*Asks:* 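Below: one structure in structure tokens.
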Amino acid sequence: MALIMDGNATAKAVQEKLALDVEKLKPTGKRPGLAVVLVGEDPASKVYVGRKKKACDTLGYYSEEYKLPADTKEEDLLSLIRTLNAKPEVHGILVQFPLPNGLNQQKVIETIDPKKDVDGMHPASLGKLVAGLPGLRSCTPAGVMVMLDHYKIPVAGKNVVVIGRSIMVGKPMALLLLEANATVTVCHSKTQNIGDVIKQADIVVAAIGKPKFVKGEWVKEGAVVVDVGINRTPEGKLVGDVDYEAIAPKASAITPVPGGVGPMTIALLMKNTFQAFQQQTGL
Ligand code: NAP
């Protein structure tokens, strides 16, 4: 049976280290600040925003929360972001995606000051990732890297198959793995014989958004499987992008859903906010 990589425990370890760093700031009277913006009523997004606010409170960060109606005009959202860009007490800005129809996600990302881009999706942040320069990395893939490191899973020289090529997860994931010297293959909806490709992997990272997409027979014996997917079944159960029951008995390590990558995303958002704070204050 596979080692179960516990995202809650790993995220707690990241946040405990951050708490010590925040403690050291006390004499300065300064603390990291995060603004979270939610547009609309998406129930899952509301839960994520609530968790982000709670993480700020636990760590003693300053936080601001904006809940805007679904019919918010794009210019009003962009204007709020410009206001947050100018606020010295806000070091990080997170706009919760997906946005309601009619709002241009890319425009929103590009309006955020790259220094405050704690979600790592601004072209400036992505450019630094491609160039191998230090910068703010997208929280979910960065969380996967911390998780692999926490469980001492070697990445260098391994065959890694990333399924999904989104700007938020798949692409930055592939680049972070490449930076860590993995041999990376990226699969997507046009990939042919995807099962055969996945079978070559020492490490599989699934970020597709399709419940139980990765089948047991596609995964080689002893592979490490990281499931980024969060899907809700018609019965209301949360499941990942891999068939956990079929894969866990043959994998050497696997992340559960829930309780795997999800908590890491929030921990890395807190880490990125701290990094942005340090960069902006010099502390
Ligand atoms: P996305 O933007 O919809 O991208 C999905 C990717 O999967 C695309 O690149 C798509 O390929 C690929 N894909 C779709 N169908 C496929 C198929 N039949 N075969 C192979 N590839 C296929 O989704 P995302 O934002 O990356 O999110 C992926 C999943 O991760 C979702 O379940 C989301 O909820 C979850 N997620 C979790 C966290 C977390 O904190 N745990 C954070 C973010 C996202 P094409 O490019 O060819 O269309």
Side-chain angles (χ1 to χ4, degrees), residues 14 34 78 81 84-85 91-99 104-150 153-191 194 197-198 200-209 224 226-229 241 255 261-262 264-280:
V14 171
L34 175 69
L78 300 183
I81 293 170
L84 296 172
N85 282 344
H91 306 99
I93 301 169
L94 180 122
V95 180
Q96 187 67 44
F97 294 139
L99 292 171
N104 182 330
Q105 182 165 310
Q106 193 56 29
K107 236 186 200 171
V108 168
I109 292 171
E110 291 183 23
T111 303
I112 296 173
D113 181 338
K115 291 200 291 295
K116 301 191 178 188
D117 172 38
V118 284
D119 222 5
M121 295 215 288
H122 193 285
S125 306
L126 291 168
K128 283 182 177 168
L129 173 60
V130 174
L133 297 170
L136 294 162
R137 307 301 196 220
S138 183
C139 302
T140 301
V144 171
M145 296 307 289
V146 172
M147 175 97 99
L148 293 172
D149 185 59
H150 182 85
I153 291 171
V155 171
K158 300 294 177 191
N159 282 333
V160 185
V161 171
V162 177
I163 317 160
R165 57 174 166 180
S166 70
I167 289 295
M168 198 189 285
V169 190
K171 270 187 198 169
M173 185 76 255
L175 287 162
L176 284 173
L177 287 160
L178 189 61
E179 203 169 62
N181 296 317
T183 302
V184 185
T185 305
V186 182
C187 295
H188 45 77
S189 66
K190 307 288 184 293
T191 300
I194 196 164
V197 180
I198 296 170
Q200 303 304 313
D202 303 309
I203 302 174
V204 179
V205 183
I208 312 151
V224 172
V226 177
D227 192 350
V228 179
D241 285 346
T255 59
V261 176
M264 294 306 297
T265 298
I266 296 177
L268 267 289
L269 174 65
M270 295 300 119
K271 195 163 183 279
N272 277 354
T273 304
F274 196 90
Q275 187 181 326
F277 163 83
Q278 284 183 308
Q279 204 193 1
Q280 285 162 57

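Because the structure is predicted, anything quoted here is derived from the model rather than measured.
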*Asks:* Please check this pair: side chain of D117 against backbone of M121, looking for a donor-acceptor N/O pair closer than 3.5 Å.
*Replies:* yes
*Asks:* Which value, rounded to the nearest 0.5 Å, describes the distance between S125 atom OG and L133 atom CG?
*Replies:*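 That separation rounds to 11.5 Å.
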*Asks:* Quick one, M270 and L34 - any side-chain contact, counting heavy atoms below 4.5 Å?
*Replies:* yes
*Asks:* So which heavy atom on L126 is nearest to which on G120, and how close?
*Replies:* CD2-O, 3.7 Å
*Asks:* Between C139 and D119, is any pair of side-chain heavy atoms under 4.5 Å apart?
*Replies:*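 Counting from C-beta outward, C139 and D119 do come under 4.5 Å.
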*Asks:* Supply the atom-to-atom distance L94 CG to I112 CD1, rounded to the nearest 0.5 angstrom.
*Replies:*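 It is 7.5 Å, given to the nearest 0.5 Å.
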*Asks:* Between Q275 and G135, which heavy-atom pair has the shortest distance, and what is it?
*Replies:*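 Distance-wise, the nearest heavy atoms are NE2-O, 3.2 Å.
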*Asks:* Within a strict 4.5 Å, meaning less than it, do heavy atoms of the M264 and V144 side chains meet?
*Replies:* no
*Asks:* Can you name the nearest heavy-atom pair linking V186 to G164, along with the distance?
*Replies:* CG1-O, 3.7 Å
*Asks:* Check for a donor-acceptor pair, side chain of K271 on one end and backbone N or O of A142 on the other, with a separation under 3.5 Å.
*Replies:* no
*Asks:* From T265 OG1 over to M168 CE, what is the distance, rounded to the nearest 0.5 angstrom?
*Replies:*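 Separation between the atoms: 9.5 Å.
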*Asks:* For D227, does its backbone N or O pair with a side-chain atom of T255 as donor and acceptor, under 3.5 Å?
*Replies:* yes
*Asks:* Would you give the length of the straight line joining atom CE of M145 to atom CZ of R137, rounded to the nearest 0.5 angstrom?
*Replies:*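 That separation rounds to 10.5 Å.
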*Asks:* Could you tell me the separation between the CE atom of M173 and the CG atom of L176, rounded to the nearest 0.5 Å?
*Replies:* 5.5 Å
*Asks:* Can you give me the closest heavy-atom contact between P141 and V169, atom names plus distance?
*Replies:* CG-O, 3.9 Å
*Asks:* Are the side chains of V108 and I81 in touch, meaning some heavy atoms are under 4.5 Å apart?
*Replies:* yes
*Asks:* Please round to the nearest 0.5 Å and tell me the distance separating atom NE2 of H122 and atom CD1 of I93.
*Replies:* 10.5 Å
*Asks:* Determine whether L148 and V224 satisfy the following criterion, side-chain contact (heavy atoms from CB on, under 4.5 Å), listing intermediate values before the conclusion.
*Replies:* CA-CA 9 Å; L148 293 172; V224 172; 4.2 Å; yes
*Asks:* List the atom of K190, the atom of R165, and the distance in Å for their closest heavy-atom pair.
*Replies:*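 Between these two residues, the closest heavy atoms are CG-NH2, 4.3 Å.
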*Asks:* Is any side-chain heavy atom of T185 closer than 4.5 Å to a side-chain heavy atom of N159?
*Replies:*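 No, their side chains stay 4.5 Å or more apart.
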*Asks:* Could you tell me whether a side-chain N or O of Q279 sits under 3.5 Å from a main-chain N or O of K116, the two making a donor and an acceptor?
*Replies:* no
*Asks:* Under the 3.5 angstrom rule, does the side chain of N85 hit a backbone N or O of T111 as a donor-acceptor pair?
*Replies:*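 Yes, the answer is positive, given that a donor and an acceptor are paired below the 3.5 Å cut-off.
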*Asks:* Heavy atoms, side chains only, cut-off 4.5 Å: are D241 and V228 in contact?
*Replies:*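 Side chain of D241 against side chain of V228, heavy atoms only: no contact under 4.5 Å found.
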*Asks:* When you measure from the side chain of N272 to the backbone of V118, do you find a donor-acceptor pair of N or O atoms at a distance under 3.5 Å?
*Replies:*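 Yes; judged by distance alone, with no hydrogens or angles, the pair exists.
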*Asks:* Specify the closest pair of heavy atoms between P172 and S166, including all atoms of both residues, with the distance to one decimal.
*Replies:* CD-O, 3.5 Å
